[in-house]
Amino acid sequence: QVQLVESGGGLVQAGGSLRLSCVASGRTFSSYAMGWFRQAPGKEREFVAVISWYNNKYYADSVKGRFTVSRVNAKGTVYLQMNSLKPEDTAVYYCAAGSTPTYSDSTSYDYWGQGTQVTVSS
């Protein structure tokens with residue numbers, strides 16, 4: 001079992017930055033791929049970024065060049081650094097863990113956090 005807790009969301013103006021954190025507990029962490037997804041009201045859950053167990057990184061086209069995903073296995077923590085934020089980035093952001101996920105497929109992950117709200121104003 002893996003428990004995930006996100007933090008770091010908040011209200012920020014367009015062009016600003018936030019860093020989201022996701023802390024994992026309950027089971028070893030390093031062998032899991034860690035994904036970030038987001039969901040805005042009335043929209044489907046959307047892939048944002050993932051870092052694999054072998055530390056390859058993949059990003060949605062909409063965030064590439066602005067967001068950076070990283071992990072510190074000794075702390076059981078994955079980060080999402082978000083720069084140059086835009087109003088369309090407004091959503092609830094979720095972290096997810098999967099042992100053998102298809103990176104961008106939300107249904108292939110095994111564990112999910114509770115989400116943290118990110119609101120970007122213009």
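In this structure, Ser84 and Ser17 approach most closely via the heavy-atom pair N-OG, 4.3 Å. Minimum heavy-atom separation, Ala14 to Ser122: CB-CA, 4.4 Å. Across Val48 and Leu80, no two heavy atoms sit closer than the pair CG1-CD2, 4.2 Å.
Within the cation-pi definition used here (under 6.0 Å to the ring centroid, within 45° of the axis), Arg71 does not qualify as a partner of Trp53.
Take Thr119 and apply the side chain to side chain donor-acceptor pair (under 3.5 Å) test, not counting sequence neighbours, and it matches Gln117. Residues satisfying the side chain to side chain donor-acceptor pair (under 3.5 Å) criterion with Arg66, sequence neighbours excluded, are Asp89. Considering only residues two or more places apart in sequence or on other chains, Asp105 meets the side chain to side chain donor-acceptor pair (under 3.5 Å) condition with Thr107.
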Side chain to side chain contact (heavy atoms under 4.5 Å, CB included) between Ser62 and Glu46, intermediate numbers included: CA-CA 10 Å; Ser62 59; Glu46 177 187 21; 3.9 Å; yes
So Val78 and Ser70, side chain to side chain contact (heavy atoms under 4.5 Å, CB included) or not? Walk me through it. CA-CA 6 Å; Val78 62; Ser70 61; over 6 Å; no
When you look at Glu6 and Val92, which way does the side chain to side chain contact (heavy atoms under 4.5 Å, CB included) test go after all the steps? CA-CA 10 Å; Glu6 303 99 331; Val92 177; over 6 Å; no
How far apart are the C-alpha atoms of Met82 and Val118, what are their side-chain angles, what is the distance that settles it, and do they pass the side chain to side chain contact (heavy atoms under 4.5 Å, CB included) test? CA-CA 10 Å; Met82 306 186 295; Val118 172; 3.9 Å; yes
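Checked by atom type and distance alone, the side chain of Thr77 pairs as donor or acceptor with a backbone atom of Lys75 at under 3.5 Å. Side-chain atoms of Thr116 come within 3.5 Å of backbone N or O of Gly9 as a donor-acceptor pair.
Around atom CD of Gln13, no more than 12 heavy atoms belonging to other residues, nucleotides or ligands sit under 6.0 Å away.
Note on residues 48-122: pairs passing disulfide bond (SG atoms under 2.5 Å apart), not counting sequence neighbours, are Cys22-Cys95. Counting only residues at least two apart or in different chains, ring-ring contact (aromatic ring centres under 6.0 Å, His included) contacts with residues 54-96 comprise Tyr58-Tyr103.
The side-chain heavy atoms of Trp36 and Phe47, taken from C-beta on, include no pair separated by under 4.5 Å.
The hydrophobic cluster analysis finds Val5 isolated: no Ile, Leu, Val, Met, Phe, Trp or Tyr side chain comes under 4.5 Å of it, directly or through other members.
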